[in-house]
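We use all heavy atoms of the structure for the numbers below, so side chains are in, but hydrogens, waters and symmetry mates are not. Note that ligands are numbered from 1 as they come in the structure, with each ligand's atoms numbered from 1 the same way. In this text the structure is predicted, and so the values were computed from the model without any measurement.
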Amino acid sequence: MSAIIGCSPVGEEKKFVVGFSQCTEGDAWRKAMHEEMEREASFYPELRLQIKDAKNSSTAQVGHIREFMEQEVDLLIVSPNEAEPITPVVEEAFSKGIPVIVVDRKTSSSMYTAYVGANNYQIGKLAGEYVAKLLNGKGRIIEVWGLRGSSPAIERHNSFVDAIAAFPDIEIVAEVSGDWEKEVAKARFPAVYNQHADVDLIYAHNDVMALGAFESLPDKQAQQQLKFIGFDGLGGPNGGLQLVQDGILEATFLYPTGGEEIIQLAHDILHNRPFRKDNILNTTVIDERNVHIMKQQSDKILAQEKNIERQQQRLYEQIQLFNNQRTFSYILLASLVVSIVMGALALLSLRAKQEANKELLAKNNEVMQQRNEVARMARKADKATEAKLKFFTNVSHEFRTPLTLILGPVEDALQSPISADLKRDLQLVKKNAIRLLRLVNQLMDFSKVDSKKMKLQAAEGDLIAFVKDITASFERLALKRNITFKVKTPLKELAVYFDADKLDKILFNLLSNAFKFTSDGGCISVSLQISEDYENVSIAVEDNGKGMSPLHAAHAFDRFHTGEGSSNLGTGLGLALSKEFVKLHHGDISVVSEEWKGARFMVRLPLGRAHLTEDELLTDAGKNAIKLIPGVMDADQQLGNSDTAPAGEEAKLQEYTVLLIEDNKELREFLRIRLAKDFNVVEAANGTTGLQQAFEKVPDLVICDVMLPKQNGLEITSALKNDLRTSHIPVVLLTAKDTIAYKMEGIQSGADLYVTKPFSYIYLLERVKGLLKNRALLKEHYSSEISVETKTASPPKQLDKKFMNEVMVVVEKNLSNPDLNASSIAASLGMSKVQVYRKMKALLGYSLNDYVNKMRLKRARHLLLHSDRNISEIAYEVGFSSPAYFSTAFKNHFDMSPSDFKAARSTGEGTNISL
Ligand code: FRU
């Protein structure tokens with residue numbers, strides 16, 4: 001069994017392991033020794049005391065010592081069980097250089113470092129002398145031996161024998177081997193005592209064996225008769241002091257344990273301090289004379305030792321606390337250091353960050369400045385672009401009127417009989433004027449695309465028919481130039497949402513290019529095909545003309561890219577614009593070409609309408625508006641192949657008065673001269689005069705420019721259309737603005753036709769004639785109101801209907817009044833006689849008086865058919881001043897006299913006659 005005694009290490013001092021081989025630790029004496037050692041060792045925290053208990057076995061002790069040697073302890077303490085068996089191993093340890101302290105019992109050699117213990121010979125002798133005195137030189141003794149091989153037993157015996165040798169009457173009569181143990185002595189003593197019951201004294205080598213012998217005595221008497229001597233003189237219960245005090249022992253000889261001294265000595269040796277080899281402890285005899293004081297001192301010492309132990313415990317706790325606190329403070333300190341380091345690092349990184357931030361801020365500012373500068377420049381550029389676009393738009397507008405003025409006379413001249421040379425020249429003029437016009441249109445379209453004003457206005461239509469329509473206008477050219485020109489498609493019709501105006505321009509551009517760059521006798525084809533996934537339709541325009549290099553093909557759709565003059569790219573505007581238009585359709589356009597092998601342009605348009613927003617779809621109103629407004633010229637005309645038939649109008653146009661309101665003097669002049677050939681023309685140079693003229697003259701038709709000083713064309717139109725006097729007059733608006741929005745505005749203001757400049761005069765004339773023809777049909781409508789049946793091409797306008805109703809009411813109300821005439825009716829309508837006259841003429845084709853007359857006859861016819869009144873009565877009732885005048889008028893109108901009509905009624909004839 002082993003135990004370790006020691007304190008927690010403090011500081012960095014070297015640690016020492018001290019091995020203590022104890023022969024036994026089963027008795028009070030050894031326990032006292034250990035307590036002392038521990039107490040003392042607590043003052044030397046660098047010592048670690050390790051105790052092994054041999055339990056009175058020398059063999060075990062030899063083993064323990066060997067273990068300590070193997071363990072390479074720093075110092076060995078040995079209290080040998082027996083001298084002989086232990087000596088060799090102690091010598092071995094000593095020889096190995098391990099410091100060896102022998103305590104209490106000895107070995108048989110002097111090979112050890114130091115010895116601590118009392119002088120057993122001396123103490124034994126002291127006991128002998130004390131006994132001799134006690135027995136007065138005579139007596140019989142039984143000696144109770146400690147372990148016979150152990151040095152104290154031998155020395156205590158020898159010295160005792162030596163001391164009593166001087167007293168021949170003192171005799172050791174018997175011996176008992178007590179082996180230092182109380183129970184052994186107690187067990188063995190009675191047998192010896194029984195044979196020597198007459199003994200006077202028991203000499204025991206220690207107090208506990210003396211007590212064992214005492215307790216083994218049979219009765220109190222024997223106990224009182226016998227004297228007991230022992231060794232050790234321990235304090236505490238059952239200690240030698242107590243036994244002396246209780247009168248059990250006569251005396252005990254103090255045998256100090258030396259625990260304190262052993263540790264001090266070990267400490268000195270380990271720290272290489274000077275020490276004594278033999279440290280002999282003091283002894284003394286304790287008997288009834290000094291036991292009291294010794295006991296008191298011992299108790300006090302014991303109490304103090306307990307106190308010291310308590311204090312040590314407290315100290316230990318304090319040390320623990322201190323250690324804990326120290327550990328804590330170390331941790332705290334370490335944390336503090338870490339915090340400081342971290343703080344410093346954070347500070348450094350903050351500094352670095354601040355620096356970086358500063359730099360960043362400076363850079364940011366720089367970038368911001370640059371951005372502002374860029375934004376400013378962009379704004380400037382925007383403004384410049386805007387101004388440029390405005391300029392382009394204005395210039396383009398400005399170009400249109402002169403172009404009209406060039407094209408008009410040229411067309412006129414081409415209609416007249418002229419020489420072939422002049423015709424060729426004029427056609428060249430026309431062709432180039434048209435080309436110029438196309439460029440102007442393209443520039444205007446670009447400005448709209450750039451200003452995002454260009455919107456898709458798609459409506460569903462038959463793409464096949466549309467493409468065929470466009471290609472048809474190239475057929476004559478193809479024929480003329482011997483070019484094989486075909487439309488290839490497996491489809492009969494295909495409904496596609498497209499913007500007719502834009503797709504027209506796209507295809508026209510592609511076909512114009514193809515014709516331009518294909519030699520006579522070449523091939524051009526247009527193919528239409530649906531993609532395999534039914535998502536798209538493709539329109540491919542292919543030619544075998546001169547084509548273009550891959551580089552040029554890559555830039556074919558770039559704005560203003562014209563190649564090197566030999567390419568298939570035209571002016572550099574058409575294809576770029578086509579691309580913009582295709583993009584508006586959410587489609588794409590591409591080209592594949594090889595120089596001298598031709599080019600294949602492909603337009604791909606998505607099918608269905610899912611890709612279009614509401615905004616990109618044309619309203620119903622818009623669709624109608626478009627139908628009302630045909631293109632300025634068709635492809636034939638544009639390519640200089642116009643062959644327009646002259647206006648073969650059989651109507652007597654001179655009857656009609658046309659009011660021309662136009663501020664541009666040249667255009668007004670141009671139109672006046674031409675219109676005067678067919679109509680009676682009235683002119684006005686501004687809106688206000690024009691409107692006055694309209695009210696005064698009540699013309700049959702008004703041609704009016706939209707952009708006019710004072711009152712514009714739209715205002716004039718709506719003023720005319722909202723006035724009862726003029727609401728029937730058809731209005732034709734002329735303008736350079738050709739956007740849908742403007743057209744819609746014009747139509748909404750009530751205009752009957754919207755013609756975009758530049759226009760073909762022939763086209764304008766045809767449309768004017770058409771409107772007047774419509775007006776004539778309208779007349780028929782109103783006339784037939786009087787008749788039985790009605791037939792009209794276009795419904796009467798609301799205001800005209802109202803006018804006619806009012807006239808009818810006034811006339812019917814006053815029909816029997818023979819004085820009812822144009823003047824009285826005009827007065828009751830709040831209009832002048834001329835205005836009513838003109839309006840009646842325009843709407844019905846005859847005068848108000850004629851109208852009254854017809855109404856009288858209509859009523860008369862009705863009365864003749866449905867009443868039994870006589871002719872005279874009827875004549876007066878319908879407002880004729882005399883029956884004779886009635887009869888004449890009736891006969892003139894119906895070719896039948898009233899009396900004949902009445903007679904025919906009864907036979908069923910004459911009912912079909914009409915007014
Ligand atoms: C204790 C003890 C003591 C005695 C000593 C001799 O073990 O027996 O009573 O004095 O040993 O070594």
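A donor-acceptor pair is defined here as one N or O able to donate and one able to accept, closer than 3.5 Å; no such pair exists between the side chain of Asp179 and the backbone of Leu147.
For ligand 1 and Pro152, the ligand atoms under 4.0 Å from any heavy atom of the residue are 6 (C), 12 (O). Below 4.0 Å from some heavy atom of Arg156 lie the following atoms of ligand 1, by number and element: 4 (C), 10 (O).
Given atom 11 (O) of ligand 1, the protein heavy atom at minimum distance is Arg30 NH2, 3.2 Å. Counting protein heavy atoms only, atom 9 (O) of ligand 1 is closest to Asp232 OD2, 2.4 Å. Of the protein's non-hydrogen atoms, the one nearest atom 12 (O) of ligand 1 is Arg105 NE, 2.8 Å.
Distances from ligand 1 to the non-hydrogen atoms of Phe231 include no value under 4.0 Å. Residue contacts with ligand 1 leave out Lys31, since none of its heavy atoms falls under 4.0 Å from the ligand.
Paired with Val102 under the rule side-chain contact (heavy atoms from CB on, under 4.5 Å), one option of Ser110, Pro80, Ser151, Ser79 passes, and it is Pro80.
The closest side-chain donor-acceptor pair between Asp246 and Gln242 falls under 3.5 angstrom.
Taking a cutoff of 4.0 Å between a charged side-chain nitrogen and a carboxylate oxygen, Lys125 and Asp162 do not qualify as a salt bridge.
Remark: ligand 1 and Asp104 share an N or O pair separated by less than 3.5 Å (distance only, no angle test).
Contacts with ligand 1 closer than 4.0 Å are made by side-chain heavy atoms of Asp27 only, the backbone lying farther away.
Atoms CZ and CG, on Phe167 and Asn136 in that order, are 10.0 Å from each other to the nearest 0.5 Å. Between the SG atom of Cys23 and the CG atom of Asn81 there is a distance of 5.5 Å, given to the nearest 0.5 Å.
When the heavy atoms of Tyr255, Phe253, Trp180 are ranked by distance to atom 8 (O) of ligand 1, first place goes to Trp180.
A centroid separation of 6.0 Å or more is found between the aromatic rings of Phe16 and His267.
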